[in-house]
Each structure stands twice: as structure tokens, then as C-alpha cells.
> 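Below you'll find the structure I mean.
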Amino acid sequence: MLEPLEPLIHALARLPGIGRRTAERIALRLARDRSRSMARELTAALQGLETNIICCSRCGAITTTAADPCALCTDPRRVTDLLCVVEDPSDIETIERSGAFRGRYHALMGKLSPMRGEGSRHLGVENLRRRIEEEGFTEVILALNTDVESDATAAFLREILAPLDVKITRLATGLPAGSGIAYSDPVTLSAALRGRRPM
Amino acid sequence: MIEKDQAIVLRTAPYSNTSRFVLWLTREHGRIATLVKGALRPKSAFIGQFDLFYTCDLLYYTRNHGGVHVARECALLKPRTAFRTQWRACLFASYLADLVSRVLPDGAPAPAVFDWLDDVLDELATGEAAAETTLHAELTFFDRLGWRPVFDRCAICGGPANQTERRAFFAAARGGRVCAMCAPDVRDAQLAPADALIILAGWQGARTPREAKAIRCSPRQARDIAQLLGAFMRHHLDLSPESRSIAFIG
């Protein structure tokens, strides 16, 4: 019965967070809509994405083809000697929302993860190195996640960027706000102790 | 039903905003998948208790439908924090976890493979000779699966390997080393570096892990050994994982 919907189900199921069953439900919902308004809206949005939306050629943030490099890369009011390296463009959005950083960004588009088919060649390290040299950053902040693979990626970047004349820093890790020592795990607690600071 | 087992994290993936899907290798129940509900919530009891290559004590509710169980409790036994700073070792650990997750079927007990992976991860976490450790681990993994390659004699006639022989042959389909007499009759026999075959035979013959560790190889020999074991894996396990080339080549 679902055979005519198979190409759509297959395409939907490739999206993150959508399994086969969810893809079937979405496809059926679209097929049941007699007015076809939902399908038209979705088609227009996807076509708009295909023609107008890209990742910034400089930092990797989501932008439009008309604004490439993106506003974050061209805004003269931003600090130009600080570079924040993130794993994914969505992290740029998260950090921007915090309002705590006003420098430039660079999205790696992944992390070292052989099991997901991502190695050092997939991280575009040459591009990052070129940017650091050409744009004259004085500090590179590695704002990566704190899982094993992200920490290993940070160690890899530190090694690759060490020959460059730039300060390399990492986001602090430690006890979450509002939590207690009794509830923290050994890895977090040891990171918090290593990262202690004078007061 | 609730099960309790020791488990190594092979892979994690997001399930929802705060929940994770985790693939484990358990000692008594083999490869299993669990949902860890609310794993990323700030006050979750799972925070910091599991990540890749950790060995944990896992308590989970079994679910017969769909094959995905639900984690109830997880207590960290070995975090192997060295993988966070030794990125090369982390790449090899990632490849080995990928290999195990591809080869083992769901729910089939494999205590020998669990012990093997636990030991290999401990060894890799020391950060010493990660490539050699991984190659040796591949060899012992084939053993555990019942696919022991032959390096100390000819896989066809059984004649002893001549240690002084300069030209040696290897045939993945025949299970290992092939002598110069038998090689012309074997279609897939390829010239192989004799020193690489000698190292492999030495690793196999070692009585203890320490004895095997004492047999070192140069980077060139490691590349040759990786090629031979890769050919063996392709033929017998029908596997040529991308994670392997990323770990060995970059």
C-alpha cells in the first residue's frame, strides 16, 4: 500500500531523528491532505533551501547565497582577533544566543569519529589554519562538546595548531550551576579540580 | 524483566533532545541497544556515567519488541580518560568498537569478545604503540571469532615457514601464508613481505600479551601487516570498514 510513497519515506528517513515509522507517518499525512497545501508549502520551502540557503564559505554558519560571507564574518562591530571553533553550525546559534561572545566563528562540520566515517581529512583543518594565518587571530577558543570524541578532536586541533603563533584555549568544564559535589561524576569532578581558579 | 551486566559503550546517538540511544557490548548478553531516557537532563543520574569506550555496570529493562531495551541505572567502572587526550588512540578505539558492532549479532553472548575488548581498550588507553596494539588486537579478534589465520606454516601443505626465505606469499582465501612451492597453484596468492609474516607468526605464538608486546614493528611493517589483515578481513568477514582506513591512514 505504501509503495508509491516509498521514495518520499526513504528520503525522510535519512533525516536525523526520523526513523522509518515516523517517515511513514509524515508521508501518509502529506498524502492524505486533499488540498495539497501542506505538500506545496513543504515543496516551496525545500526549493527555497536548495537555491537560497548555504553554509557560509568562511565560517560555516547557515546563511543565504546573497549574504556569503555571512553577517557574523563581515560585521565590523565584532571582535576580529578572537576565533571560536565549534563542531556544528547549530553551535554558533547557541553561543550567539548566550550573548557572551562577540568574535568570529569557525564550524568544523564534524569531529574525529572513525565509526561515523569522519577523520581528520573531513574537518577542513587546512581551511582553519589558513584563516588563522590570514585573518590574524590572536586567540582560538575550542568550543567543542565534552564527549570523548570531541575531547580527542580538541587534542588533535591543539597539536595541529601548536606551530601557529596563536593562543589556544578551551571552554571551561566543571560542576553545573545549581548542582552539588555529591551528584557529580568522577570525570566532571576531576575536570573541575584541574580547571580550578584563584578567587 | 531487569537484567544487570557489565557493558562497554560501542556507540551513542541522539534519540531526542535529552535522550540517547546507546549500543553496548555486554559480558553476558552480547551486543545490545538501549534507550537512555533523559540522559542529558542536568539532574539526570546518567550524566557522566557513560560515554564511548567506558566500561559500566548497566541495569536495564528488557524489551522483546524492537530489540531496544531501556537503561535503568548505569555506574561507571572504567572511564579511560586517556582517550580524551590521546587522539590517535581514540581513533583506533573507535575503529575497534565499530568492528565489534558490525560483526556481533544482537543479544548473542560473547564473554570472550567482551574480555578481549576490555583488555584492548585498557592497552590502547596507555597511549603506547596504538597502531601495533590495534593490529595485534585484530589478530586475536579473528581468533575469538574462529577465523585464526595461519602464519607459522603453509596454509595449504602445512610445511613450516622458512624464516630465511626472502619471497613469501599470502592468500587470504586459503587462510594465511602460502609457501613458494604451493603459491603457483593458488589463484589469489600474492607476494607478501616476509618480515611482516614473521611478526604476525610471532604475535600468534606469544604465550602472554607481554611477550607479544615485546615483538615490535616499524611503521613500514605496520602498514604491510595492516594490508595483510585487511585482505583477510575483507575475504572472511566480508568487511572493509571505513573506520579502519580512517584509523590507520587518517
Side-chain angles (χ1 to χ4, degrees), chain A residues 15-22 88 90 94 110-123 125-126 142 144-162 170 173-194, chain B residues 9-17 19-21 23 40-54 66 68 74-102 127 241-250:
Chain A
L15 297 171
I18 297 184
R20 168 92 197 171
R21 282 291 298 136
T22 311
D88 191 84
S90 63
T94 310
K111 58 184 171 183
L112 287 182
S113 179
M115 65 173 71
R116 290 184 173 81
E118 293 172 7
S120 55
R121 271 181 274 178
H122 301 82
L123 297 183
V125 176
E126 270 316 304
L142 301 179
L144 310 184
N145 295 328
T146 54
D147 56 90
V148 172
E149 287 174 328
S150 300
D151 279 349
T153 307
F156 165 73
L157 290 176
R158 189 188 55 204
E159 194 175 304
I160 294 291
L161 303 180
R170 183 94 206 265
T173 52
L175 300 177
S179 184
I181 287 175
Y183 300 104
S184 61
D185 62 279
V187 179
T188 307
L189 198 53
S190 63
L193 278 168
R194 275 199 309 275
Chain B
V9 180
L10 298 178
R11 187 184 277 257
T12 69
Y15 181 79
S16 66
N17 269 352
S19 299
R20 309 293 283 178
F21 172 86
L23 194 64
L40 300 182
R41 285 200 197 109
K43 293 195 176 174
S44 165
F46 290 106
I47 285 269
Q49 297 300 322
F50 72 94
D51 201 345
L52 285 177
F53 324 128
Y54 282 15
V68 179
C74 178
L76 172 58
L77 295 178
K78 291 186 198 172
R80 300 190 175 93
T81 51
F83 289 128
R84 294 176 179 270
T85 49
Q86 310 270 357
W87 64 270
R88 286 185 185 84
C90 184
L91 294 187
F92 287 112
S94 180
Y95 154 58
L96 291 174
D98 184 37
L99 179 64
V100 169
S101 66
R102 283 166 186 265
E242 194 184 2
S243 56
R244 189 176 193 269
S245 25
I246 291 174
F248 280 104
I249 299 162

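Numbers restart at 1 for each chain; the letters A, B, ... are given by sequence-line order, proteins then strands.
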> Should the pair Arg116(A)-Glu242(B) be classified as a salt bridge under the 4.0 Å nitrogen-to-oxygen rule?
no
> Given heavy-atom pairs under 4.5 angstrom as the criterion, report whether the side chain, backbone, both or neither of Leu99(B) touches chain A.
neither
> Measure Tyr15(B) against the heavy atoms of chain A and call it side chain, backbone, both or neither at under 4.5 Å.
neither
> Are Glu149(A) and Arg84(B) close enough, and set up right, to give a salt bridge (Lys or Arg N to Asp or Glu O under 4.0 Å), and what steps lead you there?
CA-CA 7 Å; Glu149(A) 287 174 328; Arg84(B) 294 176 179 270; over 6 Å; no
> Could you work out, with side chain to side chain donor-acceptor pair (under 3.5 Å) as the rule, every residue matching Asp88(A), not counting sequence neighbours?
Ser90(A)
> Sub-3.5 Å donor-acceptor pair from the side chain of Asp51(B) to the main-chain atoms of Val148(A), do we have one?
yes
> Where on Ile47(B) is there a heavy atom nearer than 4.5 Å to chain A: the side chain, the backbone, both, or neither?
both
> Heavy-atom distance under 4.5 Å between the side chains of Tyr54(B) and Val187(A), does that happen here?
yes
> Step through the shown structure and confirm whether more than 12 heavy atoms of other residues, nucleotides or ligands are within 6.0 Å of CG on Leu193(A).
yes
> Return the minimal non-hydrogen interatomic distance between Ile246(B) and Gly119(A), and the atom names on each side.
CG2-CA, 3.4 Å
> Please flag which part of Glu118(A) lies under 4.5 Å from any non-hydrogen atom of chain B: side chain, backbone, both or neither.
backbone
> Please tell me if the side chains of Trp87(B) and Leu112(A) come closer than 4.5 Å, counting only heavy atoms from C-beta onward.
yes
> Output yes when a side-chain donor or acceptor of Ser94(B) lies under 3.5 Å from a complementary backbone atom of Met115(A), and no otherwise.
yes
> Could you measure the distance from the CG atom of Asp185(A) to the CG atom of Leu76(B)? Nearest 0.5 Å is fine.
7.0 Å
> With a 4.5 angstrom heavy-atom cut-off, is it the side chain or the backbone of Arg88(B) that approaches chain A, or both, or neither?
side chain
> Give, as side chain, backbone, both or neither, the part of Pro79(B) having an atom under 4.5 angstrom from any heavy atom of chain A.
side chain
> Just so I know, are the side chains of Thr81(B) and Ser190(A) near enough to count as touching, which here means a heavy-atom distance under 4.5 Å?
no
> With sequence neighbours excluded, tell me which residues meet ring-ring contact (aromatic ring centres under 6.0 Å, His included) with Phe50(B).
none
> Step by step, would you call Ile249(B) with Arg121(A) a side chain to side chain contact (heavy atoms under 4.5 Å, CB included)?
CA-CA 10 Å; Ile249(B) 299 162; Arg121(A) 271 181 274 178; 3.6 Å; yes
> Among Pro186(A), Pro16(A), Ser120(A), Gly117(A), which residue forms the greatest number of heavy-atom pairs with chain B at distances under 4.5 Å?
Gly117(A)
> Which bit of Phe21(B) comes within less than 4.5 Å of chain A, counting heavy atoms only: side chain, backbone, both or neither?
neither
